[in-house]
2 protein chains.
Amino acid sequence: MNALFKALNDPTRRQILDLLRTGDLTAGDIADQFAMTKPSISHHLDLLRQAGLVDSVKEGQFIRYTLNTTVLDEMLSWLLSFKGSSVHNSSPPGGATER
Amino acid sequence: MNALFKALNDPTRRQILDLLRTGDLTAGDIADQFAMTKPSISHHLDLLRQAGLVDSVKEGQFIRYTLNTTVLDEMLSWLLSFKGSSVHNSSPPGGATER
DNA sequence: CTATTATTTAGACATTTGTCTAACTATCTA
DNA sequence: TAGATAGTTAGACAAATGTCTAAATAATAG
């Protein structure tokens with residue numbers, strides 16, 4: 001889960017994921033969308049791949065990147081578990097002693 | 001959304017949130033659960049508060065921290081939008097030309 | 001085989017981040 | 001008021017992060 005949060009903790013990487021929802025893209029096509037060098041984008045893609053958020057397939061001299069949302073399930077259920085376990089309590093700080 | 005991802009991108013902070021699901025806690029009670037100094041925990045709590053994930057109320061000499069999951073909704077719908085828009089395509093790299 | 005194109009790898013560098021110690025503010029208690 | 005307790009703020013510092021340029025790898029085109 002750590003790699004997942006880490007990967008999502010960057011606007012550029014989230015934007016890359018947004019780009020990929022429309023369909024697969026090559027590294028170059030992705031890099032063209034940003035005011036950033038290709039090596040930088042390549043690094044971001046690497047982190048996304050490490051997190052399992054994208055898959056990459058080499059096709060000739062291109063590398064096609066594909067969105068993979070299955071890893072999001074883990075995060076999704078983690079988040080949902082919070083929405084479920086809202087306790088709304090207000091027990092006193094000290095522990096059991098109510099002053 | 002940036003502050004939210006940033007806040008969640010740390011194991012300690014996520015653990016603090018997990019602690020708070022059981023109920024409110026003071027800064028000290030939270031700090032006691034970690035092998036880390038109080039100033040460090042205080043800093044983590046500050047980031048969580050900045051992200052809107054926790055609320056803090058001063059009660060005497062204590063500060064009670066409360067979990068606030070409302071900000072998670074934004075993130076939740078962002079994540080869900082990905083699960084919805086899986087395209088499963090495999091268009092060729094070049095762009096629009098379907099060869 | 002050479003040149004070109006697509007992409008990554010390596011290394012440098014500034015910024016951000018997480019942690020610590022020391023000092024400060026505020027509340028409670030004797 | 002003095003001392004203890006709860007918590008934060010300030011500053012330092014190492015490690016992680018995001019970006020860049022230069023060079024390397026690999027596939028394609030002439």
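Side chains are part of it too, since the values below use all heavy atoms of this structure and drop only hydrogens, waters and symmetry mates. All chains are named by letter (A, B, ...) in the order of the sequence lines, taking the proteins before the strands, and each is independently numbered beginning at 1.
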Check side-chain contact (heavy atoms from CB on, under 4.5 Å) between Q50(A) and all other residues, then give those that pass, not counting sequence neighbours.
-> D46(A), L47(A)
For S56(B), enumerate each residue passing the side-chain contact (heavy atoms from CB on, under 4.5 Å) test, keeping only those at least two apart in sequence or located in another chain.
-> R49(B), I63(B), Y65(B)
So where does chain B start and stop touching DNA chain D, 5' to 3', when the test is distance under 4.0 Å to a non-hydrogen atom?
-> dT5(D) to dT9(D)
Using atom [atom1] of [X] as one end and atom [atom2] of [N] as the other, report the distance to the nearest whole Å.
{"X": "I63(B)", "N": "dA26(C)", "atom1": "CD1", "atom2": "P", "value": "12 Å"}
{"X": "D10(A)", "N": "dT15(C)", "atom1": "CG", "atom2": "C1'", "value": "13 Å"}
{"X": "L48(A)", "N": "dT7(C)", "atom1": "CG", "atom2": "C1'", "value": "16 Å"}
{"X": "L45(A)", "N": "dA6(C)", "atom1": "CG", "atom2": "P", "value": "16 Å"}
{"X": "L25(A)", "N": "dA6(C)", "atom1": "CG", "atom2": "C1'", "value": "15 Å"}
{"X": "D46(A)", "N": "dA10(C)", "atom1": "CG", "atom2": "P", "value": "11 Å"}
{"X": "L47(B)", "N": "dG18(C)", "atom1": "CG", "atom2": "P", "value": "7 Å"}
{"X": "Q15(B)", "N": "dT19(C)", "atom1": "CD", "atom2": "P", "value": "11 Å"}

Which residue lies toward the 5' end of DNA chain D, K58(A) or R13(A), if each is placed at its nearest nucleotide?
-> R13(A)
For residues 1-12 of chain B, run the donor-acceptor check on the side chains, cut-off 3.5 Å, and write out each pair with its distance to 0.1 Å, sequence neighbours left out.
| from | atom 1 | to | atom 2 | distance (Å) |
| --- | --- | --- | --- | --- |
| N9(B) | OD1 | K6(A) | N | 3.3 |
| D10(B) | OD1 | T12(B) | N | 2.9 |
| D10(B) | OD1 | R13(B) | N | 3.1 |

Might you work through the side chain to side chain contact (heavy atoms under 4.5 Å, CB included) test for D24(B) and L67(B), ending with a clear yes or no?
-> CA-CA 7 Å; D24(B) 300 354; L67(B) 188 59; over 6 Å; no
Test item: I16(A) and L25(A) side chains (from C-beta on) under 4.5 Å apart, heavy atoms | no
Helical bend (five base pairs per end, nearest 10°) for the helix from dC1(C)-dG30(D) to dA30(C)-dT1(D) = 10°
Could you point out which residue of L20(A), L76(A), L72(A) forms a side-chain contact (heavy atoms from CB on, under 4.5 Å) with F82(B)?
-> L72(A)
Check the pair L53(B) / L48(B) against side chain to side chain contact (heavy atoms under 4.5 Å, CB included), numbers first and verdict last.
-> CA-CA 5 Å; L53(B) 284 165; L48(B) 288 172; 3.9 Å; yes
If a pair satisfies ring pair (Phe, Tyr, Trp, His ring centres under 6.0 Å) and one of its residues is in residues 14-45 of chain A, list it, with sequence neighbours excluded.
-> none
Using the test side chain to side chain donor-acceptor pair (under 3.5 Å), find all partners of S77(A) that sit at least two apart in sequence or belong to another chain.
-> none
Contacts of type salt bridge (charged side-chain N to carboxylate O under 4.0 Å, His left out), residue D18(B), not counting sequence neighbours = R21(B)
Do any side-chain nitrogens or oxygens of Y65(A) fall under 4.0 Å of OP1 or OP2 in dT8(C)?
-> yes
Which residues within residues 36-44 of chain B lie with some heavy atom under 4.0 Å of an atom in DNA chain C?
-> M36(B), T37(B), P39(B), S40(B), H43(B), H44(B)
How would you list all residue pairs meeting salt bridge (Lys or Arg N to Asp or Glu O under 4.0 Å) that involve residues 66-80 of chain B, not counting sequence neighbours?
-> K83(A)-D73(B)
Comparing K6(B) with A35(B), nearest DNA chain C nucleotide closer to 5' gives the residue K6(B)
